[in-house]
Number of protein chains: 2
Amino acid sequence: VIRVEDLRKTYRMGSTLVEALRGVTFSVERGEFLSVMGPSGSGKSTLLNLIGALDRPTSGRIFLDGLDITKLSEKELAIIRRKKIGFVFQFFNLIPTLTAIENVELPMVFSGLPRRERKRRASELLELVGLSGRERHKPGELSGGEQQRVAIARALANDPSVILADEPTGNLDTKTGEEVVSIMERLSREEDKTVIVVTHDPEVAKKTSRIIEIRDGTIVT
Amino acid sequence: VIRVEDLRKTYRMGSTLVEALRGVTFSVERGEFLSVMGPSGSGKSTLLNLIGALDRPTSGRIFLDGLDITKLSEKELAIIRRKKIGFVFQFFNLIPTLTAIENVELPMVFSGLPRRERKRRASELLELVGLSGRERHKPGELSGGEQQRVAIARALANDPSVILADEPTGNLDTKTGEEVVSIMERLSREEDKTVIVVTHDPEVAKKTSRIIEIRDGTIVT
Ligand SMILES: Nc1ncnc2c1ncn2[C@@H]1O[C@H](COP(=O)(O)OP(=O)(O)OP(=O)(O)O)[C@@H](O)[C@H]1O
Ligand SMILES: Nc1ncnc2c1ncn2[C@@H]1O[C@H](COP(=O)(O)OP(=O)(O)OP(=O)(O)O)[C@@H](O)[C@H]1O
Ligand SMILES: [Mg+2]
Ligand SMILES: [Mg+2]
């Protein structure tokens with residue numbers, strides 16, 4: 001359901017070029033639970049951002065459900081992102097002026113879910129990640145790991161078929177981290193969702209069905 | 001060299017009170033390498049922020065080198081923070097408009113180090129954390145773990161006698177994380193610095209001389 005072909009990404013900084021991805025090719029099946037590992041700075045977030053249509057590759061192709069998303073306009077990409085993809089950012093990207101529950105509701109506001117249904121689902125998702133007592137806290141009133149869990153709940157808001165999670169357990173204790181990984185594993189196994197998790201934690205990778213290793217912008221497994 | 005007595009911190013949110021720390025007492029010797037562990041939301045960052053004089057306790061006392069810092073003015077606290085304490089924030093708090101090397105230089109600008117000495121030391125510290133090739137990148141042009149390492153280098157800028165690190169390896173791969181922990185261990189053993197690291201990673205805690213466990217705002221070890 002996801003395929004990338006010879007994907008490259010070069011960042012330009014003034015006169016310096018940084019090759020973050022240097023030709024990455026792989027496929028992911030529907031319902032697969034895949035992890036991407038590699039040293040700090042090896043290109044993992046760059047890869048996830050391209051698959052999640054949050055950034056454009058320098059060259060190469062990305063197929064989502066058979067559709068080459070590198071050929072789409074910004075508008076078409078925004079629709080695909082909203083409907084199909086749930087993204088957990090490495091640094092959460094929560095909106096600081098909204099409460100935890102309002103942050104989780106936001107994707108459902110854009111997809112037009114009725115208010116009552118939206119609030120009920122947001123509350124359920126916060127309960128799922130263990131944050132029922134923190135619905136009205138704003139991000140500044142939450143701990144690091146609590147913010148991370150709000151970001152995970154938000155990624156699940158529109159029940160996406162693809163979940164891309166960039167280091168979703170970095171700020172969580174072992175037990176809470178295991179609960180998050182088992183939520184993602186269950187979504188892939190029971191609801192046939194395709195889950196890609198970038199992680200540094202071998203314990204998280206162990207629970208996935210396949211590990212892709214990246215080093216210096218290329219796949220080494 | 002650090003002692004906290006019956007430390008309490010209650011956050012007020014409108015009409016709601018959140019008791020983040022409920023009476024914490026312990027001491028840390030000079031040159032000790034201590035870890036603080038506990039579930040997400042248990043009060044670790046709150047504790048570190050109080051010891052680092054970044055926030056005021058609701059009640060209780062904090063002694064730094066025998067001086068009760070809870071009795072000091074904002075101005076006196078700022079001087080102590082700048083001279084004695086190096087703080088690695090859970091989310092780095094780098095200045096987005098400055099490059100990596102400028103971020104590391106900044107504490108030395110405030111402490112009045114001559115420009116050439118400041119630049120030499122900042123470059124050395126970035127090399128120590130493995131970022132020589134990224135000195136001119138701004139935070140937005142760095143990966144998560146690279147930003148984290150800039151924050152670690154910056155905390156060491158004024159050669160502080162106390163280093164407080166809040167989850168310094170959450171975004172680092174195993175090898176890079178081990179390098180950071182061994183830097184901290186060496187600073188405590190060879191230079192008699194007092195290092196407190198908040199961590200979720202048992203592998204990091206294993207390298208420390210003592211582990212304090214916090215749960216629901218109190219010490220449980
Ligand atoms: N906007 C940018 N401009 C220039 N270089 C960049 C930019 N974003 C990332 N880089 C560089 O590209 C490389 C890959 O970055 P990326 O964020 O994908 O790494 P990563 O594998 O996610 O690392 P980490 O595990 O530390 O989060 C890094 O070396 C980084 O310095
Ligand atoms: N400004 C605030 N207002 C209200 N509640 C707060 C505030 N800051 C933190 N809290 C609450 O206090 C508790 C302790 O927060 P703290 O950040 O110290 O936890 P932590 O142990 O560092 O967690 P983590 O491992 O997730 O970073 C949390 O439950 C959090 O919701
Ligand atoms: Mg990353
Ligand atoms: Mg914290």
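Labels below follow one simple rule: chain letters A, B, ... track the order of the sequence lines, proteins then strands, and each chain is numbered from 1.
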request  = Please check if the side chain of D173(A) supplies one atom and the backbone of H200(B) the other of a donor-acceptor pair under 3.5 Å.
outcome  = no
Near [X] [atom1], under 6.0 Å, is it more than 12 heavy atoms from other residues, nucleotides or ligands?
{"X": "E127(A)", "atom1": "CD", "result": "no"}
{"X": "R210(B)", "atom1": "CZ", "result": "yes"}
{"X": "R215(B)", "atom1": "CZ", "result": "no"}
{"X": "R189(B)", "atom1": "CZ", "result": "yes"}

inquiry  = Walk me through whether H137(B) and T16(A) qualify under side chain to side chain contact (heavy atoms under 4.5 Å, CB included).
reply    = CA-CA 10 Å; H137(B) 285 230; T16(A) 317; 5.7 Å; no
Interchain contact, F92(A) with chain B, by part (heavy-atom threshold 4.5 Å) = side chain
request  = Go through the atoms of Y11(A) and report whether side chain, backbone, both or neither lie under 4.5 Å from a heavy atom of chain B.
outcome  = neither
query = With respect to chain B, which residue among K44(A), R149(A), K138(A) yields the maximal number of heavy-atom pairs within a distance under 4.5 Å?
reply = R149(A)
key: Closest contact, heavy atoms only, M13(A) versus R136(B)   = CE-O, 4.0 Å
query = Any luck finding a side-chain donor-acceptor pair between N171(B) and Q90(A) under 3.5 Å?
reply = yes
ask   = Roughly how far, to the nearest 0.5 Å, is CD of Q148(B) from OG of S40(A)?
value = 8.0 Å
query = Of the listed residues (E141(B), Q147(B), E146(B)), which shares the most heavy-atom pairs with chain A below a 4.5 Å separation?
reply = E141(B)
